[in-house]
Participant: 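This is the structure, below, for whatever I ask next.
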Amino acid sequence: MTLEGKSVFSGIAIGRISIFKKADQQVIRKKVNDPEQEIARFEEAKEKAKTQLMALYEKAMKEVGEINAAIFEVHQMMLEDPDYVDSVYHIIRSQGVNAEYAVASTGDNFAEIFAAMDDDYMRERAADVKDISNRLIEVLQGNEQGEIHTEEPVILFAEDLAPSETVQLDKSKVLSFVTHLGSTNSHTAILARTMNIPAVIGVDFPQDVDGKMGIVDGYTGKVYIDPPFSLMEEYQQKKEKDEEKKRLLLQLKGKENITLDGKKINLYANIGGVSDVAAVLANDAGGIGLFRSEFLYLESKDYPTEEEQFSAYKTVAEKMAGKEVIIRTLDIGADKQVDYFNLGKEENPAMGYRAIRICLDRPEIFKTQLRAIYRASYYGTLAIMFPMIISVDEVRQIKKMVETVKEELAKEQIPFKEVELGIMIETPAAALVSEELAKEVDFFSIGTNDLTQYTLAIDRQNQKLDNIYDPHHPAVLKLLKMVVENGHKEGCWVGICGELGADTTLTETFLKMGFDELSVSPSMILKVREKIRSIDTTK
Ligand code: PEP
Ligand code: MG
């Protein structure tokens, strides 16, 4: 049997399938003689659950950063919610029943109330109330939540995985996971990437796969159940080749990005959030060349606060331990829609109200982000770059805003460091006036994904045009060359952070053009390094 879904992390896994079972939640209503003793049991369970959540929070903080860990703090607070606690007390005392039953009823009631609310955020709290109630019941029953009862590592199948479940999985026992629900940006997908195991979502699977052998192909999104021996052999070989390649590439860790004739280039990584930093470090990137900060906004139900953003930027700065981290300011609009921004429908969203245009039009949002970045700058080496620039005037407006933010922080005696300021060159206009722009900033980073779209007038999202969306088009390459030359004339360093940066058929061209930096996805770092080390630019 072959099942299909959407891969959210590549790799190959072969092993036995185990369907993730939530711990046994059968709760029996029992009459008790001493309700006060049940109250005491509940209080004890609550303390134990809080300790568990605290440990999960610490673990998640280390592995995936504060933003993703925050859910466990929310759960700790929910356990102390007076309405929730009162309801449990009331059921125990008024009905004279066991604590398990009182917790289960309270959980069901509250989840129903939340689920019926209009507000999306509140509706989602229904799952959290269930989550904390289940945890309490497990503690009361003496069970451990969601333990994998097997010695052998497995391919874990689940309907969906709550963040609390994914984080507490024993990684050494999970080869891959396959879920029916979830999305590319869900907590589950983000955490899976951090766990560095192949993962496929959107797979509709029958229950009888439990215990069978399976193959997960994280490259194609295919999952094979009870595969024939020949397919197992084929995938075993693919897996070995995969591992061999990875092993060979790992030998390049710690090595310089230097050509045979001694030309050096910085190789940085692109990330979407705190959780990707582990992969950046594992692949030995020299820094982060593009932190797509809009993911903080996309993951949020409302504008992320200065504090939330500060904590994410600070975590990344600290984890990178002094290596440069370039944060790109909010780049929403077009394909990246966020409900609470109420951007409205546009005829031509790619050429519409987006990125820096929104930030300059809604300075309160921009200022919050700039304050958060500057505050975090104190904890590492940060740089800021601005997306979708078309004019010198925009850059001057931005710099004014930056000055205001710095003055305010200084007045408030909040420490910050000076940071490099750069712009993305992703419109033909910016490329054409790059000589003037270079006088205003410290660096350029070319966003070839958008630069190709706007230069060729081809919507990068339109599948029908995929075959002619060509970043190798001479018009695009001419602009790249022009931007490097203009940047260097004014003392700016120049890099590429679009997908083209990882295209090893062009690495030599980029080196010859004189690029100072390439920023690519973490998994491509060592491949590009390998390429650089094989090039002689004098030939
Ligand atoms: C780009 O346009 O090349 C780029 C790096 O930005 P994004 O893909 O996020 O638009
Ligand atoms: Mg772009």
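If you read the sequence from its start, that first residue is 1, and numbering goes on from there. Order of listing sets the numbers, starting from 1, for every ligand and every atom in it.
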Participant: For a quick check: using heavy atoms under 4.0 Å, what are the residues in contact with ligand 1, sorted by chain and number?
Facilitator: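 Protein residues near ligand 1 are L290, R292, R328, D331, K336, M424, E426, G447, T448, N449, D450, R460, C497, G498.
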Participant: In terms of heavy-atom contacts, does NZ of K323 have more than 12 from other residues, nucleotides or ligands at under 6.0 Å?
Facilitator: yes
Participant: Using ring centroids (six-membered ring only for Trp), state whether F157 and F177 fall under 6.0 Å.
Facilitator: no
Participant: Taking ring-ring contact (aromatic ring centres under 6.0 Å, His included) as the definition, give me every residue that meets it alongside Y268, ordered by chain and number, with sequence neighbours left out.
Facilitator: none
Participant: Taking the six-membered ring of Y235 as reference, does the cationic atom of K238 (NZ for Lys, CZ for Arg) lie under 6.0 Å from its centre and within 45° of its axis?
Facilitator: yes
Participant: Tell me which pairs pass side-chain hydrogen bond (donor to acceptor under 3.5 Å, both in side chains) where either residue lies in residues 428-437, with sequence neighbours left out.
Facilitator: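 Residue pairs passing side-chain hydrogen bond (donor to acceptor under 3.5 Å, both in side chains), neighbours aside: S434-N486.
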Participant: Using a strict cut-off of less than 4.0 Å between a Lys/Arg side-chain nitrogen and an Asp/Glu carboxylate oxygen, indicate whether D331 and R354 qualify as a salt bridge.
Facilitator: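 Yes.
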Participant: Enumerate the protein N/O/S atoms at a distance below 2.8 Å from the Mg ion (ligand 2), ignoring waters.
Facilitator: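 The answer, once waters are left aside, is E426 OE1, D450 OD2.
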Participant: Answer yes or no: are there more than 12 heavy-atom neighbours, outside K399 itself, under 6.0 Å from its atom NZ?
Facilitator: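 Check passes, neighbour count above 12.
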Participant: Does a donor on one side chain and an acceptor on the other come within less than 3.5 Å for D459 and Y469?
Facilitator: no
Participant: Look at the side chain of S176 and the backbone N and O of P198, then say whether any donor-acceptor pair between them is shorter than 3.5 Å.
Facilitator: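 Checking the backbone N and O of P198 against the side chain of S176, a donor-acceptor pair under 3.5 Å is found.
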